[in-house]
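Chain letters run A, B, ... following the sequence lines, proteins first and then strands; every chain starts at 1.
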Amino acid sequence: MAKRYWLFKSEPSEFSFEDLARAREQTTFWDGVRNYQARNLLRDEIQVGDGVLYYHSSTEPTAVIGTAEVVRAGYPDHTQFDPKSSHFDPGAKPEEPRWYMVDIRLVRSFAQPVPLATLKQTPGLAGMTLLQRGSRLSVQPVSAAEWEIVCRLGG
DNA sequence: GCCAACGTTGGC
DNA sequence: GCCAACGTTGGC
């Protein structure tokens with residue numbers, strides 16, 4: 001299957017791109033997604049080798065700050081079974097997982113982060129899921145054309 | 001901190 | 001299956 005592209009949102013206070021840079025092998029599991037639409041992407045669509053735009057939300061400025069690649073496809077998010085985790089889901093059973101995650105590895109830190117305001121002003125990005133009214137998906141698809149434009153803006 | 005937008009829950 | 005109430009997201 002052809003390589004596809006995604007945008008992952010993270011609040012830097014939770015797990016920032018710098019945290020990813022410091023992580024072992026600059027790799028992390030993407031836990032904590034608790035939205036069914038995003039879950040379906042993680043479980044069914046996102047494949048090893050796919051590209052990820054790393055987006056910092058709820059910070060100043062919100063921005064795409066770098067790229068990563070998927071190094072492991074969807075598998076059950078273990079935090080759903082952990083009563084001590086803030087992502088614990090009492091309705092999830094190990095034999096019937098409800099939530100999934102993938103592993104990603106850092107690829108490139110942008111020379112210049114691309115803030116939301118820039119994305120909004122850039123021709124060719126008007127169709128980005130991120131920019132749609134009321135869009136809240138924390139894992140969302142990005143087209144190859146959008147990927148190219150954002151990466152160019154990032155330097 | 002505000003609040004619009006959206007997703008989920010649960011009574012009926 | 002409807003929909004009001006509630007909780008969450010996330011830009012501002």
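At dC6(B), none of the side-chain N or O atoms of Tyr36(A) fall inside 4.0 Å of OP1 or OP2 (strictly under the cut-off). Note on Lys120(A): a side-chain N or O is less than 4.0 Å away from OP1 or OP2 of dC12(C). Residue Lys9(A) places at least one side-chain N or O under 4.0 Å from the OP1 or OP2 atom of dG10(C).
Taking atom CG of Asn35(A) as the reference point, atom C1' of dG10(C) lies 14 Å away to the nearest angstrom. Between the CG atom of Leu137(A) and the P atom of dT9(C) there is a distance of 12 Å, given to the nearest Å. One can place CZ of Arg136(A) at 7 Å from P of dG10(C), the figure rounded to the nearest angstrom. As a whole-Å value, the separation of Glu60(A) CD from dC12(C) C1' is 9 Å. At whole-Å resolution of the value, CD in Glu14(A) and C1' in dT8(C) are 13 Å apart. Across the protein-nucleic acid pair, Gln132(A) atom CD and dG11(C) atom C1' stand 15 Å apart, rounded to whole Å. With rounding to whole Å, Glu11(A) atom CD is found 9 Å from dG11(C) atom P. Taking atom CG of Leu130(A) as the reference point, atom P of dT9(C) lies 16 Å away to the nearest angstrom.
Between Arg39(A) and Asp77(A) there is no salt bridge, since no side-chain nitrogen of the basic residue lies less than 4.0 Å from a carboxylate oxygen of the acidic one.
Remark: side-chain polar atoms of Ser58(A) are not paired, donor with acceptor, to backbone N or O of Glu11(A) under 3.5 angstrom. No donor-acceptor pair closer than 3.5 Å links the side chain of Arg98(A) to the backbone N or O of Asp89(A). Looking only at distances, no side-chain donor or acceptor of Glu96(A) sits under 3.5 Å from a matching main-chain atom of Lys93(A).
Of the candidates dA4(B), dT8(C), dG11(C), the closest approach to any side-chain atom of Ser57(A) belongs to dG11(C).
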